[in-house]
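All ligand and atom numbering here is 1-based and tracks the order in the structure. We number each residue from 1, following the sequence as shown.
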Amino acid sequence: MSFKMKMEQAAKSKGSPLVLALDFPFEPQQNREKLLVKAQAVLKAAYPYVCAVKINHHLTLPLGTFDGVSQLVEQIRGQGLLAIMDAKVNDIGSTNQVIAEYYFAAGFDALIANPFIGWDEGLKPLFDVSHRLNRGIILLCYMSHKGAGEGYGQTIIDPDTGQPTLQYLSFARKALQWGADGVVVGATVPQKIAEVKQILDSEVAIYSPGVGAQGGAAETAVKAGSDYLIVGREITMALDPAYAARQLSDSIRGI
Ligand code: BMP
């Protein structure tokens, strides 16, 4: 079964399209053990209300991929959730392949990658290894931060048609053509979610970070066409992460 289908099943069985971004602020060296314990506790509290967990450098840097993080990945998968590594893979193909092989060996179900690197000798080796190991690739399409427009929002000349087009719409079309499992479009730009949805329909899922701490609204993003919401600080920094995750999940149920 493809990663895209596994996500659909997990979201259905959990009754939630939330992807927990398991991010925490910097901890000095002596507190690494404490950081792992905190991450495990938040995961345990929030897991009934999410369908997947996204891990970023916030945890791989201090805990190490094959030490602390692989323990978390085991906990994530043991609870019936999918594990996504937000590496934003962004290098030449042979390097991307090694990055992917390590993260997939650590148990991750999918990787996030940057489409600016292009296909030949860039993304293709990454897609090849993910297909070989039956894992998923999610591509950035339009990021959630204010400066995203400088890259993803540029007007470019489409090499196929010779016509001007927007970079993020071109990335959406490429995600479809390349068979990506998902794209990232910020919850902070609901109009762009709707435009990308028009291109992708249900073929490629839309993942939207930026809810809460970055100013995006969960309900607006879902109404615009997001399939999954990626949420970090709103849950991880809450006094009661289980309550925060449940509230958020309830707020979008049935939309
Ligand atoms: P938060 O909900 O705390 O803002 O976290 C969002 C998470 O999603 C972070 O891990 C961030 O690195 C990631 N992210 C994002 O915020 N915007 C993007 O466009 C792409 C991301 O991966």
The test is side chain to side chain contact (heavy atoms under 4.5 Å, CB included); show your working for F108 and I55 and say whether it passes. CA-CA 9 Å; F108 282 100; I55 287 182; 4.1 Å; yes
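- Side-chain atoms of R253 come within 3.5 Å of backbone atoms of G15 as a donor-acceptor pair (strictly under, hydrogens ignored).
- Polar contact with ligand 1: present for K54 (N/O pair, distance under 3.5 Å).
- Every atom of ligand 1 is numbered from 1 in the order shown, and the set under 4.0 Å from a heavy atom of M143 is 18 (C), 19 (O), 20 (C).
- Ring orientation note: the planes of W178 and W119 are close to parallel, at an angle under 30° on the 30°/60° scale.
- Annotation: Y207 is in aromatic contact with Y228 [ring centroid separation under 6.0 Å].
- Checking T188 against Q214 by side-chain atom types alone, no donor-acceptor pair falls below 3.5 Å.
- Of the candidates I55, T188, D23, D23 brings a heavy atom nearest to atom 5 (O) of ligand 1.
- Distances below 4.0 Å separate heavy atoms of P209 from the following atoms of ligand 1: 8 (O), 14 (N), 15 (C), 16 (O), 17 (N), 18 (C), 19 (O), 20 (C), 21 (C).
- Heavy-atom separations between Q214 and ligand 1 include at least one value shorter than 4.0 Å.
- Atoms of ligand 1 lying under 4.0 Å from at least one heavy atom of N56, given by number and element, are 10 (O), 12 (O).
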Run the numbers on F171 and Y142 for ring-ring contact (aromatic ring centres under 6.0 Å, His included), then give the verdict. CA-CA 9 Å; F171 283 153; Y142 197 106; over 10 Å; no
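- Residue-ligand proximity, K88 to ligand 1, at heavy-atom distances under 4.0 Å covers atoms 12 (O), 20 (C), 21 (C), 22 (O).
- Given atom 17 (N) of ligand 1, the protein heavy atom at minimum distance is S144 OG, 2.6 Å.
- Considering both main-chain and side-chain atoms, Y142 never comes within under 3.5 Å of ligand 1 through any nitrogen or oxygen pair.
- Using a cut-off of 4.0 Å between Lys/Arg side-chain N and Asp/Glu carboxylate O, R135 and D109 are scored as not salt-bridged.
- Remark: ligand 1 and G232 share an N or O pair separated by less than 3.5 Å (distance only, no angle test).
- For K4 and E203, the salt-bridge test fails: no basic side-chain N is under 4.0 Å from an acidic carboxylate O.
- Every atom of ligand 1 with a heavy atom of R233 under 4.0 Å away is listed here by number and element: 1 (P), 2 (O), 3 (O), 4 (O).
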